[in-house]
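As structure tokens, the structure follows; a few thoughts come after it.
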Number of protein chains: 2
Amino acid sequence: MAVTMNDVARAAGVSLKTVSNVLNDYEFIRPATKKRVQDAIAELGYEANLTARSLRSGKTRMLGLVLSDLSAPYYAELASRLMKAASRRGYRVLVEQSDAVGGVELNALQGPFRQLTDGLLFTPLVIDADAIADRLGRKPLVLLGEHILDPRLDLVTMKNGEAAAALTAHLLAGGRRRIAVIGAHPEESVGSAGLRLNGYRKALEEAGVPFNPELVAPCEWRRDNGAAAVAGLMDRSVEFDAVFGLNDVLALGAMHELLIRGVRVPQDVAVAGFDDIDEARFASPSLTTVSPGMEEIAERSIGLLIDRIEGREAAEQAAHIEAGFQLKVRESAP
Amino acid sequence: MAVTMNDVARAAGVSLKTVSNVLNDYEFIRPATKKRVQDAIAELGYEANLTARSLRSGKTRMLGLVLSDLSAPYYAELASRLMKAASRRGYRVLVEQSDAVGGVELNALQGPFRQLTDGLLFTPLVIDADAIADRLGRKPLVLLGEHILDPRLDLVTMKNGEAAAALTAHLLAGGRRRIAVIGAHPEESVGSAGLRLNGYRKALEEAGVPFNPELVAPCEWRRDNGAAAVAGLMDRSVEFDAVFGLNDVLALGAMHELLIRGVRVPQDVAVAGFDDIDEARFASPSLTTVSPGMEEIAERSIGLLIDRIEGREAAEQAAHIEAGFQLKVRESAP
DNA sequence: GCCAACGTCTGCAACGATGTATGGCAGGAA
DNA sequence: TTCCTGCCATACATCGTTGCAGACGTTGGC
């Protein structure tokens, strides 16, 4: 079978515990002893049994990441970055897809998934702050990218409202007055959709442009819905000179539908999105959007979570971190 | 602290082992006893400790997935599907990004990552069959989507060559004669690039069109490389009437560069890709490509791996599974 | 010359589950 | 009655680690 610490101990002529001490960088070990142990480890090809270590120590060195769907480009890019950031600090990331189903979200908070991880990065789409706080337990949890702002909960997010306002202001500055918004979630109590829509309204207000509910199309954030929403607006003969997709895939879906219908982008209708996924730069025309500081979000959320886990960060107060954003002006809305 | 089996046993007035037996569906338990135990479990809110179970049983009920980069749309979509397929069978998936670095690939095969998982789904990009077979160990491993065909190794893949040939034939049938290929990996001994390129050459040959090495642009499979490759060809005044991106993001990057330079797609140059990522349908123009049967690949690779793990599949012979493909003819190459 | 302090190492008892062996008890056959 | 068989439950050892308490020898202060 596999080599155990006992084998190493025997080979090095020391006790089991001394091997453990060497592995855990215990301070008081004679260099000679340490070397003997290390040599034995190398010779036998010993590798620590992570399961046993976890059972004994109660730590798994895994972080949980709960998001709705890994195949959404924004989440895929975020997950990739989070995993790299975690890896640099000696942690792994275990991903759970909730499909925006409340039951799955709750399960991730308290079920086996929680057990397997030392802490959670959580993108709640359905459940609310109280539901989360009630199930917090002893393990740290950092909310990611959504709008729950609760004094009990750590949060790393983006400037949803501010960025959406800046983007809308840019469209207004380009002379657009009837800006359709795609992807609103009117029924949803939590989520970025509301914040981004608020930013949009605020920018309109500041420009003295009246808000027109007819221009707001609610739908889930998928490409095909973006296309369908534009189709719906046009079929109902709603007039618009710009489309603000509340995220990039919506905007790209919308743009596709516009081009199919012979609407020129940006001449007839400007299109803008939110997220700055890799694809936005290479769309045709390339997509004007907001870069929400994903690298910063990944780095800081992993950093915060691990600090909490390792007890470096005082737990008295929840941290609320907002990454900076950048407007990316491209061809679709110059 | 957490509720343990011992607490449940005490509450139900039975022994520890009886609780374990109930949990593991042991046959001979009196219904009354079973009920007492189940009631105690429900009342105390007991949840099995997965770490302890793993230590004792040697199983983690986690599958490892090794791929180069989760932010690549094809891998993101594949990972999402694999995770769902695994979840349906009671397994989780732990993802490891290799960044196509050989050392990371080797580590995933034998290091701690292997320990944490009961079996591996592995997309080798750098290391070869011998390196894998040497490190096989006792845990099952299924190769995914790449071209290593080794009698010792299970493999679930797509019809790379056949599909590439069909796609090329479609371009030829459309009257294209100078079909540029983007994303070849001349130095690489393993990988889909070679197979797809072969398919392309075979189709040319069958159509009696001479192969022109000048039309083959080697590069890594990233969007920006697709764009750069087209720029390179045009700057060198290489003439072509079609572009075959060896995967979709290359094709999309290429298409973007063409459109920027005022080349009309498909009138002047047809563009085709490979993978049928979600984005392909919504690009403008929409992308002609090959759908490699991802759902089938996900379902069958997970099925095979779990069968191996649970000993249902005779280990004598390696399985070689090829999913069917479909040509998706869209606007970019009608 | 004694005791305390220090540095180094060890033994034992967990962590929470499962496998093996075995112990009772009931009912039927001998 | 006695033995066997089938069902149900238990005790004990075990998986491979780490935490805790302490042992041992050396050193240094007084």
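Below, chains carry the letters A, B, ... as their sequence lines are ordered, and counting in each starts from 1. Source: prediction; values computed, not measured.
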(request) Name every residue in residues 53-62 of chain B that has at least one heavy atom under 4.0 Å from any atom of DNA chain C, in order of residue number, or write none if there are no such residues. (result) B:R53, B:L55, B:R56
(request) Decide, yes or no, whether a salt bridge links B:R300 with B:D307 under the criterion of side-chain N to carboxylate O below 4.0 Å. (result) no
(message) Taking the axis from the first five pairs and the axis from the last five, what angle separates them in the helix from C:dG1-D:dC30 to C:dA30-D:dT1, rounded to 10 degrees?
(response) 60°
(request) Run the salt-bridge test on A:R36 and A:D39 with the 4.0 Å N-O cut-off and return the result as yes or no. (result) no
(request) Decide yes or no for A:L109 and A:I132: does some side-chain heavy atom of the first lie under 4.5 Å from some side-chain heavy atom of the second? (result) yes
(message) Any salt bridge linking A:R308 with A:D118? Criterion: basic side-chain nitrogen under 4.0 Å from a carboxylate oxygen.
(response) no
(request) Please list, by residue number, the residues of residues 41-52 of chain A whose heavy atoms come closer than 4.0 Å to an atom of DNA chain C; answer none if no residue qualifies. (result) none
(request) Could you check if a side-chain atom of B:M158 sits within less than 4.5 angstrom of a side-chain atom of B:M294, using non-hydrogen atoms only? (result) no
(request) Kindly write out the residues that satisfy side chain to side chain contact (heavy atoms under 4.5 Å, CB included) with B:S54, not counting sequence neighbours, or none if the list is empty. (result) A:T51, B:T60
(request) Have a look at A:Q38 and tell me which of A:V22, A:V8, A:T33 forms a side-chain contact (heavy atoms from CB on, under 4.5 Å) with it. (result) A:V22
(request) Test salt bridge (charged side-chain N to carboxylate O under 4.0 Å, His left out) on B:E299 and B:R88 and set out the steps. (result) CA-CA 10 Å; B:E299 204 56 47; B:R88 264 179 252 124; 3.1 Å; yes
(message) What does the B/S/- profile of nucleotides 4-10 of chain D look like, 5' to 3', with a 4.0 Å heavy-atom cutoff to protein?
(response) ---SBSB
(message) Is it the case that over 12 heavy atoms from other parts of the model lie below 6.0 angstrom from the CD atom of A:E295?
(response) yes
What N/O pairs connect the protein and nucleotides 26-28 of chain C at under 3.5 Å? Give each pair on its own line.
none

(message) Measuring only between side-chain heavy atoms, which start at C-beta, is B:E96 closer than 4.5 Å to B:N107?
(response) no
(request) Verify the contact: side-chain N or O of A:S20 to OP1 or OP2 of D:dT18, cut-off strictly under 4.0 Å; return yes or no. (result) yes
(message) Measuring only between side-chain heavy atoms, which start at C-beta, is B:V95 closer than 4.5 Å to B:Y75?
(response) no
(message) Could you check whether A:D69 and A:S71, counting side-chain N and O atoms only, form a donor-acceptor pair closer than 3.5 Å?
(response) yes
(request) Answer whether the closest heavy-atom distance between the side chains of A:L153 and A:F122 falls below 4.5 Å. (result) no
(request) Compare every heavy atom of A:H320 with every heavy atom of A:D154, then report the nearest pair and how far apart it is. (result) C-CD2, 4.5 Å
(request) For B:M5 and D:dA11, give me the distance from atom CE to atom C1', rounded to whole Å. (result) 14 Å
(request) Please report the closest heavy-atom contact between A:G119 and A:L305, naming both atoms and the distance. (result) C-CD2, 3.9 Å
